[in-house]
**Student:** 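I have a structure I would like to understand better, so I am pasting it below and will then ask my questions one at a time.
Hydrogens, waters and symmetry mates play no part in the numbers below; they use all other heavy atoms, side chains included.
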Amino acid sequence: PPLMASFTGLTLACIAPIREAFLGSVLFDSIQSVGVASPPVMLINLGAQMSLQDRSAGHAVPWRLMVGIVVGRLVLMPLATAALIFTSVAAGLLPPDRILLLLLLLQGATPTAMSLGTISQMHGQWMDEIAEIMFVVNVVSVPFFTLSVATFLGLLDPASGFLDWLHPP
């Protein structure tokens, strides 16, 4: 549903008369309010799913697998993203625009999407496992994401000279 809504919105936004009639209307404001409320509602949904888990059998995901997921998502993904982005800048495929690069780097450092839980609930599969993974990854992501952002900002700081070294003017 979120993907279908995005495509529908994009299609309607490309049609000028519909876009002009829609923007600023009560319907647009209502849909925008629902969109803003979506992340907190997904977090409440995650909490509800976690509360329904049967804890008598232990954790749904073995701890070794959970550590692998956390390391892969919060350590290896930001490193791989940074390597890909900085290699693209050095090759001239991406401009050395600091804001663009920061946004791209942040995409690789963010925790697992909440929509994954919604998708698993829609299909009725792996709900306990996905809820547990998302909970742990989101809790553990706070220090890792902070470290990633600080590192990215340090590399992109003009005083560091990293971008000038990577892509000479």
**Student:** Kindly give the cluster partners of Leu103, where membership spreads through any ILVMFWY side chain lying under 4.5 Å from a current member.
**Tutor:** Ile99

**Student:** Nearest 0.5 Å please: distance from the CG atom of Leu100 over to the CG atom of Leu105.
**Tutor:** 9.0 Å

**Student:** Count I, L, V, M, F, W, Y as connected when their side-chain heavy atoms are under 4.5 Å apart, and connections chain through other members. Are Phe135 and Ile44 then in the same cluster?
**Tutor:** no

**Student:** Please determine whether residues Val75 and Leu65 belong to a single hydrophobic cluster, defined as Ile, Leu, Val, Met, Phe, Trp and Tyr linked transitively by side-chain heavy-atom distances below 4.5 Å.
**Tutor:** yes

**Student:** For the atom pair CG (Asp128) and CD1 (Ile133), what is the distance rounded to the nearest 0.5 Å?
**Tutor:** 11.0 Å

**Student:** Who else is in the cluster with Ile18 when I, L, V, M, F, W and Y are joined by side-chain contacts under 4.5 Å?
**Tutor:** Leu12, Ile15

**Student:** With hydrophobic residues grouped by side-chain heavy-atom distances under 4.5 Å, do Val140 and Val61 end up in a single group?
**Tutor:** yes

**Student:** Should Leu163 and Leu101 count as side-chain neighbours, where that means a heavy-atom distance under 4.5 Å?
**Tutor:** yes

**Student:** Please list, chain by chain and in numerical order, all residues satisfying side-chain contact (heavy atoms from CB on, under 4.5 Å) with Ser25, sequence neighbours excluded.
**Tutor:** Phe22, Leu27, Phe28

**Student:** Between Arg73 and Gly68 (side chain of the first, backbone of the second, donor and acceptor by atom type, cut-off under 3.5 Å), is there such a pair?
**Tutor:** no

**Student:** Using residues 154-161 as the side-chain source, report each donor-acceptor pair under 3.5 Å to any protein atom, sequence neighbours left out, with the distance given to one decimal.
**Tutor:**
{"from": "Asp157", "atom 1": "OD1", "to": "Ala159", "atom 2": "N", "distance (Å)": "3.4"}
{"from": "Ser160", "atom 1": "OG", "to": "Gly154", "atom 2": "O", "distance (Å)": "3.3"}
{"from": "Ser160", "atom 1": "OG", "to": "Leu155", "atom 2": "O", "distance (Å)": "3.1"}
{"from": "Ser160", "atom 1": "OG", "to": "Asp157", "atom 2": "O", "distance (Å)": "2.8"}
{"from": "Ser160", "atom 1": "OG", "to": "Phe162", "atom 2": "N", "distance (Å)": "3.3"}

**Student:** Could you pull out all donor-acceptor pairs under 3.5 Å where a side-chain atom in residues 78-92 meets a protein atom, sequence neighbours excluded?
**Tutor:**
{"from": "Thr81", "atom 1": "OG1", "to": "Met77", "atom 2": "O", "distance (Å)": "2.7"}
{"from": "Thr87", "atom 1": "OG1", "to": "Ala83", "atom 2": "O", "distance (Å)": "2.6"}
{"from": "Ser88", "atom 1": "OG", "to": "Leu84", "atom 2": "O", "distance (Å)": "2.8"}

**Student:** Which donor-acceptor pairs under 3.5 Å do side chains of residues 143-152 form with protein atoms, sequence neighbours excluded?
**Tutor:**
{"from": "Thr146", "atom 1": "OG1", "to": "Val142", "atom 2": "O", "distance (Å)": "2.7"}
{"from": "Ser148", "atom 1": "OG", "to": "Phe144", "atom 2": "O", "distance (Å)": "3.0"}
{"from": "Thr151", "atom 1": "OG1", "to": "Leu147", "atom 2": "O", "distance (Å)": "2.8"}

**Student:** Tell me whether Val34 is reachable from Val41 by hopping between hydrophobic residues (I, L, V, M, F, W, Y) whose side-chain heavy atoms are closer than 4.5 Å.
**Tutor:** no

**Student:** Can you list the steps and then say if Met134 with Val139 is a side chain to side chain contact (heavy atoms under 4.5 Å, CB included)?
**Tutor:** CA-CA 8 Å; Met134 288 189 335; Val139 167; over 6 Å; no

**Student:** Starting from the C-alpha separation in whole Å, work towards a yes-or-no answer on side chain to side chain contact (heavy atoms under 4.5 Å, CB included) for Ile69 and Val136.
**Tutor:** CA-CA 10 Å; Ile69 290 169; Val136 171; over 6 Å; no

